[in-house]
> 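First the structure, then my questions, so here it is.
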Amino acid sequence: MAEVRSSRTVLTSITAYGTLIVISIFCLLPFVWMALASVDSNAQLFLKWPDSWTLDNYSRVFNKEDGYRWFGNSLFTVLSATILVIIISGLGGYALSRSRAWWKQPFLYAILLIRVLPSTALLVPLYKILLGFNNAEGAVVRPLFGSASRQVMQIFGFIDGYLGLIIVLTAGQLPLALWIMKVFFDGVPKDFEEAAILDGATLVQRIRRVLIPLALPGLAAAGLFTFMSAWGDFLLPLILLSSAELSTLPLGLFRAFLRVNEIDYGLLAAIAVVYLIPAVIAFSFARRFLVQTFSGGVKG
Amino acid sequence: MSTPMIELKGVNKRYGHVQVIHDVDIAVADGEFTVFVGPSGCGKSTLLRMIAGLETIDGGDLVLNGKRINDVPPDQRGIAMVFQSYALYPHMTVAQNIGFSLDLKKVPKAEISREVGRVAELLQLSELLDRRPAALSGGQRQRVAIGRAIIKRPRVILFDEPLSNLDAALRVQMRAELQKLHQELKPTIVYVTHDQVEAMTMASRIVVLNQGRVEQWDTPIALYSNPVNTFVAGFIGSPKMNLLSGTLGADGDVTSFRADAGWSVPLPGRSLAGKIGERVTLGIRPEEIRPVDDAGKADFAATVAIVERLGAETYLNVTSGDATLLVRVQGDLAMSPGEPVQLAMNHDAFHLFDQSGRVIAA
Ligand SMILES: Nc1ncnc2c1ncn2[C@@H]1O[C@H](COP(=O)(O)OP(=O)(O)OP(=O)(O)O)[C@@H](O)[C@H]1O
Ligand SMILES: [Mg+2]
């Protein structure tokens, strides 16, 4: 009896682990291919051991291609959006948590709805609106800056400018971040602030010395979520940016892939690895904070 | 009484259309330990927070040391508060928590650490100054919260149910420590609790609140001996006073109380003429009733329902008609449920209340 049962459990385990291993391999394969191909002097479409190990692919990403610029653009736009989201969701989440306004619940569900709607469906009107802003802005900028207006518009423009992309990325990530911060502040008792009021803290002191330290895990979670999903966004930069100088990493990867005459798998794999690294770093930070944020707020 | 430290004159508070505090008039003398007591939701916290300045006052005056402070910001009132949750900042050490108010005032570091040291010594926290609140026990957190309040040398300290998060043994210990602290520093204390034992043991004066109104405001013993209405009679004292309903009757010259269960007791020495026939409530504390062997000495007969033995004393739950009464007897009395019992009452310990619940003066 006991033997039958144990042999059966062994069999079940083998099946279970076997299935899991197959699934894992299936999931890992693209990454393995990418990692190997990026250091292969003669990378091919199929998975193979490198002919000879080389860092040449990486060096080409940064020297022959515009790697530094892509990386810089991606980092700049995504980090700016992340910082904006942290500030706005921190203030907004606090307000949404403490307010007793009648429109609070409708508002919270409305912003969630925005998040749920596929943003691709909204691209045309969004583009139209941004174009309108951009034209209006251009009409002001051009007479003011003359020949330098192209540079100004590349930074502050709504279409084919950093500002437009940053604003749209921020707006896209805000709903989730606001929810995270609202729920987080719900878990922070009002007593902390009231104790600080009685201790003579001004509004600024309460925010700086009490609320921000208390909210840090929540802000980190909101920021990391924002960073990770904005970093992975491809469609928005594709639609909003056209100048080569503004190109971000995913656009660089995409355009390298589109070159018809020669597909350079080694180069593509190297760009992809460079693109992945910040996301992995962000995730390893995120793990720590997410556990803290979603397992019970502040403990005093 | 010289100028009271805190005076509330006709104080009101509304939340929207709901009035939660109704015309509260009380005064707290300098150095006095006043306790607000009452059932949950009666407005104790609201009243305390109005004194602290965390809630606005919708009507009436709040006077501190002779000065009206309705519109003075909380931090300028010279009032400190200990919260039920303690509200210790988790990102600061014990020393930083205690010294926070001085730090905000830009007091020099050396002076802050001297003051923190003084307070920590007083509260036996000196060993714990570098710890975070998360690494403290409940009683230690409680002491840090008190330290944070007293470092400001406030004239008034407010406590909102500070012991309710502690276990029973620790609560008794902290109660004693708070009393000791009060004797050493002599601050004016206003203390909120819904536990009447806490109120009785610590207070110089108790304010009994019910539905936003002051039911009675007096010393613990006065509340115990002379409750002005059935609410206070039922709230103060543990276990509760027995309240029996009946009517006033007359046996010749002497007025008597006729319980709904059928028996009656004389009420000598009371001028109740003109009230004969009215419905009244008779109050008698459990310790003023005793079992007797002789039916001739008894006031009424009852049946034992439950016997609660606490060792030194035993409580009998007895039924007489529809009424249930609690009787305190000595610990070794042999009684068991279902037994009939003859009970005599101390006729000098009666409290008589009219139909609206107000006491009828003796
Ligand atoms: N912000 C508010 N808005 C509306 N009503 C409130 C608010 N705060 C308190 N109340 C109401 O005011 C009344 C008094 O509340 P309060 O907190 O003072 O009661 P309490 O005596 O401290 O009770 P507890 O013993 O449960 O702490 C309650 O009926 C409560 O529902
Ligand atoms: Mg309360």
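Reminder, nothing fancy here: chain letters follow the sequence lines and each chain counts from 1.
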> Crowded around A:Gln105 CD? As in, over 12 foreign heavy atoms under 6.0 Å?
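Yes, the 6.0 Å shell around CD holds more than 12 heavy atoms from other groups.
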
> Tell me, side chain or backbone of A:Glu194 under 4.5 Å from chain B's heavy atoms, or both, or neither?
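A:Glu194 touches chain B through backbone and side-chain heavy atoms alike.
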
> Using non-hydrogen atoms only, which part of B:Arg132 is less than 4.5 Å away from chain A: side chain, backbone, both, or neither?
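Nothing of B:Arg132, per the 4.5 Å heavy-atom cut-off to chain A.
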
> Which distance, rounded to the nearest 0.5 Å, do you find between the CG of B:Asp103 and the CZ of A:Arg209?
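Reported value, rounded in 0.5 Å steps: 4.0 Å.
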
> Check whether more than 12 heavy atoms from other residues, nucleotides or ligands sit under 6.0 Å from atom CD of B:Glu184, and answer yes or no.
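Yes - once you tally the heavy atoms of other residues, nucleotides and ligands closer than 6.0 Å, there are more than 12.
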
> Checking B:Ile79 against chain A: side chain, backbone, both or neither under 4.5 Å from a heavy atom?
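B:Ile79 touches chain A through backbone heavy atoms alone.
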
> Are A:Leu198 and B:Arg77 side-chain neighbours, meaning at least one heavy-atom pair lies under 4.5 Å?
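They are not in side-chain contact.
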
> Of all of B:Met92, B:Lys152, B:Arg49, B:His91, which one pairs up most often with chain A through heavy atoms under 4.5 Å apart?
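Looking at each option in turn, the highest pair count goes to B:His91.
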
> Using 4.0 Å as the upper bound for N to carboxylate O, is an ion pair formed by B:Lys105 and A:Asp199?
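So A:Asp199 does not pair with B:Lys105 through a salt bridge.
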
> Answer yes or no: are there more than 12 heavy-atom neighbours, outside A:Phe234 itself, under 6.0 Å from its atom CZ?
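Yes, because the 6.0 Å sphere around CZ of A:Phe234 holds more than 12 heavy atoms from other groups.
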
> Supply the atom-to-atom distance B:Phe83 CZ to A:Lys190 NZ, rounded to the nearest 0.5 angstrom.
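If I round to the nearest 0.5 Å, the distance is 10.0 Å.
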
> Quick one: does any side-chain atom of B:Tyr89 pair with a main-chain N or O of A:Ala196 as donor and acceptor, under 3.5 Å?
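At least one qualifying donor-acceptor pair exists.
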
> Looking at A:Phe133, I want to see if its CZ is surrounded by more than 12 non-hydrogen atoms of other residues, nucleotides or ligands under 6.0 Å.
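At most 12 heavy atoms, drawn from other residues, nucleotides or ligands, come within 6.0 Å of this atom.
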
> Specify the closest pair of heavy atoms between A:Ile197 and B:Asp75, including all atoms of both residues, with the distance to one decimal.
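Closest heavy-atom pair between A:Ile197 and B:Asp75: O-CB, 3.4 Å.
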
> Can you confirm whether more than 12 heavy atoms, excluding those of B:Glu115, are under 6.0 Å from its CD atom?
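Check passes, neighbour count above 12.
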
> Take a 6.0 Å sphere around CZ of A:Arg98 and say whether it holds more than 12 heavy atoms from other residues, nucleotides or ligands.
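Correct, the count exceeds 12.
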
> Please examine the side chains of B:Leu88 and A:Phe192, heavy atoms only from C-beta on, and report whether any two atoms are closer than 4.5 Å.
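No, too far: nothing below the 4.5 Å cut-off.
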
> Where do B:Leu104 and A:Gly200 come nearest, in terms of heavy atoms and distance?
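Result for this residue pair: CD1-C, 4.0 Å.
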
> Which one of A:Val210, A:Asp191, A:Thr202 has the most heavy-atom pairs closer than 4.5 Å to chain B?
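Among A:Val210, A:Asp191, A:Thr202, the one with the most close pairs to chain B is A:Asp191.
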
